[in-house]
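Here the structure is laid out as structure tokens; the discussion comes afterwards.
Nothing fancy with the numbering, it's 1 onward along the sequence.
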Amino acid sequence: MQIMLCAICNIASGGCSEDCKYCTQSARFKTNIQKYKSKPIEKIVEEAKMAKKNEALGFCLVTAGAGLDDEKLDYVCRAAHAVLKEVPDLLLIACNGIAKLEHLKELKKVGVFSYNHNLETSREFFPQICSTHSWEDRFNTNLAAKEAGLMLCCGGIYGLGESEDDRISFRKSLSELQPFSSPINFFIANENLPLKQKPLDTDEALQIIRDTKKALPETVIMVAGGREVVLKERQYEIFEAGAGAIVIGDYLTTKGEVPSKDIQKLRDMGFSFATQCH
């Protein structure tokens with residue numbers, strides 16, 4: 001079986017004005033994370049080269065904040081151009097929040113392959129975890145990304161306190177968007193965040209993957225944040241459950257598995273790694 005590996009590059013960290021209760025990058029909560037307005041582009045290129053060395057096909061340029069403005073768009077475009085000049089066979093994913101169609105078209109022009117903007121949870125539950133923007137803002141950004149000709153990467157977070165009905169509603173909304181890939185994140189509490197939820201049970205997490213694949217049979221299901229903590233020694237069962245991709249290495253503000261350990265384990269299990277998008 002062939003699986004896809006993706007790496008995340010946090011190019012602008014912290015200081016976000018939004019009040020998402022699950023997010024350590026919100027300026028409203030005093031979380032102990034590294035904060036910077038912009039990572040040097042040469043450093044981004046170095047990380048891209050390392051991602052490629054670690055078998056990653058996707059490389060995601062992530063910025064904290066509500067969305068794209070002209071200044072941030074210029075920075076992301078310059079970073080994308082520099083990465084593709086040095087590592088042309090990476091698939092670039094941009095994750096820059098709520099965005100207008102014209103900005104998304106500019107990302108497409110510089111070679112960005114996919115736009116990642118998660119719905120996070122159901123339309124009904126979203127107001128309980130965020131009040132500074134709407135679920136509809138997120139959904140409409142995804143529609144605009146598709147209109148701009150970008151492949152869509154859209155998923156969310158489980159374990160926020162949502163009900164089973166919320167999960168069903170959330171997956172129904174994802175099925176309306178038909179994303180190319182859909183990341184599943186499992187919430188891990190931080191002592192400085194207002195949201196206090198215990199990690200999901202491993203069996204429950206695996207069932208979520210099965211349910212997501214059933215709802216999105218043509219979508220690449222990617223297991224991302226919380227994989228190591230929630231699934232522990234059973235984390236490689238995700239592929240039997242329907243996952244076809246993982247995030248390799250570190251996440252936005254938390255440590256992930258050492259890439260070489262994941263790669264060796266996956267090879268030992270008989271997996272190969274995608275080198276192009278079909």
Side-chain angles (χ1 to χ4, degrees), residues 1-13 38-64 68 72-97 99 103-118 142 145-146 148-155 179-185 219-225 227 243-252 255-264 266-267 271-278:
M1 178 180 172
Q2 191 174 75
I3 58 175
M4 185 168 73
L5 306 183
C6 290
I8 294 174
C9 184
N10 199 6
I11 67 175
S13 178
S38 58
K39 183 177 286 184
I41 286 179
E42 56 269 25
K43 174 66 174 170
I44 298 171
V45 172
E46 285 177 21
E47 291 187 32
K49 289 179 178 178
M50 182 56 68
K52 181 63 181 175
K53 186 177 178 181
N54 287 331
E55 306 285 357
L57 176 59
F59 187 68
C60 191
L61 303 173
V62 187
T63 55
L68 271 175
K72 189 180 289 185
L73 175 68
D74 176 71
Y75 170 57
V76 175
C77 286
R78 286 188 290 111
H81 177 77
V83 168
L84 290 175
K85 183 178 179 181
E86 296 292 326
V87 199
D89 45 358
L90 276 179
L91 296 182
L92 279 192
I93 306 153
C95 179
N96 314 121
H103 287 162
L104 294 163
K105 285 181 176 178
E106 290 303 311
L107 292 176
K108 173 72 174 176
K109 284 180 186 176
V110 297
V112 170
F113 169 78
S114 175
Y115 197 71
N116 171 218
H117 193 53
N118 292 335
N142 281 286
K146 293 188 81 168
L150 293 162
M151 300 298 280
L152 194 59
C153 176
C154 182
F180 163 75
S181 61
S182 187
I184 294 174
N185 297 280
T219 295
V220 178
I221 307 302
M222 179 187 302
V223 180
R227 166 168 63 97
I246 60 170
V247 170
I248 195 164
D250 295 337
Y251 301 100
L252 287 175
K255 299 295 287 183
E257 184 60 87
V258 176
S260 58
K261 185 177 177 182
D262 265 335
I263 291 166
Q264 188 58 55
L266 292 166
R267 280 184 173 144
F271 291 107
S272 60
F273 308 117
T275 58
Q276 59 183 345
C277 174
H278 298 289

Can you name the closest pair of heavy atoms from [X] and [Y] and give their distance?
{"X": "Asn116", "Y": "Cys95", "answer": "OD1-SG, 3.3 Å"}
{"X": "Leu5", "Y": "Asn54", "answer": "CD1-O, 3.7 Å"}
{"X": "Met222", "Y": "Cys6", "answer": "CE-SG, 3.4 Å"}
{"X": "Met1", "Y": "Ala243", "answer": "CE-O, 3.6 Å"}
{"X": "Ala79", "Y": "Ile44", "answer": "CB-CD1, 3.9 Å"}
{"X": "Ala80", "Y": "Val112", "answer": "CB-CG2, 4.2 Å"}

Are side-chain heavy atoms of [X] and [Y] found at a separation under 4.5 Å?
{"X": "Leu61", "Y": "Ile93", "value": "no"}
{"X": "Val76", "Y": "Val110", "value": "no"}
{"X": "Cys77", "Y": "Leu107", "value": "yes"}
{"X": "Phe113", "Y": "Leu90", "value": "no"}
{"X": "Lys146", "Y": "Asn142", "value": "no"}
{"X": "Arg267", "Y": "Ile263", "value": "yes"}
{"X": "Leu91", "Y": "Ser114", "value": "no"}
{"X": "Phe59", "Y": "Lys52", "value": "no"}

Point-to-point distance, once rounded to the nearest 0.5 Å, from [atom1] of [X] to [atom2] of [Y]:
{"X": "Thr63", "Y": "Lys72", "atom1": "OG1", "atom2": "NZ", "result": "4.0 Å"}
{"X": "Ser182", "Y": "Leu152", "atom1": "OG", "atom2": "CG", "result": "9.0 Å"}
{"X": "Ile184", "Y": "Asn118", "atom1": "CD1", "atom2": "CG", "result": "11.0 Å"}
{"X": "Glu86", "Y": "Glu42", "atom1": "CD", "atom2": "CD", "result": "11.5 Å"}
{"X": "Ser272", "Y": "Ile3", "atom1": "OG", "atom2": "CD1", "result": "8.0 Å"}
{"X": "Phe273", "Y": "Gln2", "atom1": "CZ", "atom2": "CD", "result": "10.0 Å"}

Counting distance only, does the side-chain N/O of [X] pair as donor-acceptor with the main-chain N or O of [Y] below 3.5 Å?
{"X": "Asn185", "Y": "Ala224", "value": "no"}
{"X": "Tyr75", "Y": "Ile41", "value": "no"}
{"X": "Thr219", "Y": "Phe180", "value": "no"}
{"X": "Tyr115", "Y": "Asn96", "value": "yes"}

Dump the intermediate steps for side chain to side chain contact (heavy atoms under 4.5 Å, CB included) on Arg227 and Asp262, then the final yes or no.
CA-CA 12 Å; Arg227 166 168 63 97; Asp262 265 335; 2.8 Å; yes
Are Glu46 and Lys49 close enough for a salt bridge, meaning some N to O gap below 4.0 Å?
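Between Lys49 and Glu46 there is no salt bridge, as every charged N stays at least 4.0 Å from the carboxylate O atoms.
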